[in-house]
Structures are given as C-alpha cells and as structure tokens.
Amino acid sequence: MLQIDQFTYGWLTPVLAYVMSVIGSLLALRCMVRARANPGHRGWIVTAAIALGGTGVWVMHFIAMLGFSVHGATIRYNIPITLISAAIAVAVVWIGLSLVLRRRGGTSALLTGGAITGLGVAAMHYAGMYAMKTDVALHYDRGWCWPRS
C-alpha cells in the first residue's frame, strides 16, 4: 500500500504558504485603501485582486499542494488547468472586491461579494486538485470522512 505524506518538506510548505497568504492579504488591503481614495482609478482593484486572489489565495494553495506526495508515485500538474485555477481565484476576488467597493461596504454587498468569492475559491481549489495528476489510483475513503453505521 502506498503511503501518502502531506508534509513532505516538513513545516517549510505550510509556513511559506502562510507567509505568502499574509503578504498577499496585506498588499491587497493597501491597494483597496487607494482604490477607495481614488474611485475613478480601477487599476487599484485589479492590483488588489491579483495580490489577494493570486498571491493570498492561489499561490498559498499551490505551495501547500507542493508539500503533498505519495511515496513511490510521481505527481505532475496539468499546466492549463493549473493556470485556469489561478485565473478563477483572481477573477472571483476581483468581483467580490468590486461589489464591496461599488456599494461602499453595505451588508448586502459584503454578503454577496463574500459568497461569490467563497464559491469561487472553492472552484479554484477543486480545479487545482483536478490538475494534480499521478501514476497511481487515488480515491476517497468514505468511512474516513463519515462514521460507519
């Protein structure tokens, strides 16, 4: 039976993923401050979406995925699907930030933008996992997820 290792490089990948997430989030917050101060200049929202969706979400997710390995198996990534997952992350964050900024942070805008962003991040996650290809068969063990009756 093959052994799965989710921390192939020890704490390096989780810590590096966390650091990238914080950097992307801080940069996005700074860009959004400028976007609110200059409502006519939409470049700050695009930059914030790239920082948060690209670095804060997607790069963090991909670095964490690099720490996953299956002993005795080769893991490769489908490049087009991996890039699509990155585009999904940036696009949904842009939509969410645009909704919140346009409506000046109302509760409905926050809930709508958050729901769109959350669903999009889930889509990015599953696209990224689908892009991971290996030469062994992997499957979910439902008994591990749910109690057996």
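Source: prediction; values computed, not measured.
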#### Entry: From CG (Leu29) to CG (Leu52), nearest 0.5 Å
8.0 Å

### Summary
Rounded to the nearest 0.5 Å, the OG atom of Ser25 sits from the CE atom of Met60 at a distance of 8.5 Å

### Query
If you look at every heavy atom in Tyr9 and Gly67, which pair is closest and at what distance?
CD1-CA, 4.2 Å

### Message
Using every non-hydrogen atom in the two residues, find where Ala89 and Gly53 come nearest and quote the distance to one decimal.
### Response
CB-O, 3.4 Å

### Query
Closest approach of Ala48 and Ala28, non-hydrogen atoms and distance?
O-CB, 3.6 Å

### Between CG on residue Leu119 and CD1 on residue Ile88, distance to nearest 0.5 Å
12.0 Å

### Minimum side-chain heavy-atom gap Ile63-Met20 below 4.5 Å
yes

### Message
When you group the ILVMFWY residues by side-chain heavy-atom contacts below 4.5 Å and let the links chain together, are Met65 and Val121 in the same group?
### Response
yes

### Query
Going only through I, L, V, M, F, W and Y residues with side-chain contacts under 4.5 Å, is there a path from Leu27 to Phe62?
no

### Beyond-backbone contact of Leu101 with Met32, side-chain heavy atoms, under 4.5 angstrom
yes

### Query
Is there side-chain contact between Arg76 and Met132, with at least one heavy-atom pair below 4.5 Å?
no

## Note on the structure
Between Gly120 and Val92, the two heavy atoms sitting closest are CA-CG1, 3.5 Å

### Query
Do the side chains of Tyr77 and Leu66 get nearer than 4.5 Å, heavy atoms only?
yes

### Summary
The reported gap from CD1 in Ile116 to CG in Leu97 (rounded to nearest 0.5 angstrom) is 11.5 Å

### Message
Keeping Ser21 on the side-chain end and Ala17 on the backbone end, is there a donor-acceptor pair under 3.5 Å?
### Response
no

### Message
Main chain of Thr82, side chain of Ser85: is a donor-acceptor contact present, judged purely on distance under 3.5 Å?
### Response
yes

### Query
Roughly how far, to the nearest 0.5 Å, is CZ of Arg36 from CD1 of Ile45?
10.0 Å

### Query
With a 4.5 Å limit on heavy-atom distance, are the side chains of Val57 and Met124 in contact?
yes

### Message
What I'd like to find out is whether the side chain of Tyr130 reaches to under 4.5 Å of the side chain of Ile81, using heavy atoms alone.
### Response
yes

### Query
Any side-chain heavy-atom pair from Ile50 and Thr55 closer than 4.5 angstrom?
no

### Message
Quick one, Thr8 and Phe68 - any side-chain contact, counting heavy atoms below 4.5 Å?
### Response
no

### Query
Do side-chain atoms of Asp135 reach the backbone of Thr74 as a donor and acceptor pair under 3.5 angstrom?
yes

### Query
Do you know the tightest heavy-atom contact between Val136 and Ala73?
CG1-CB, 3.8 Å

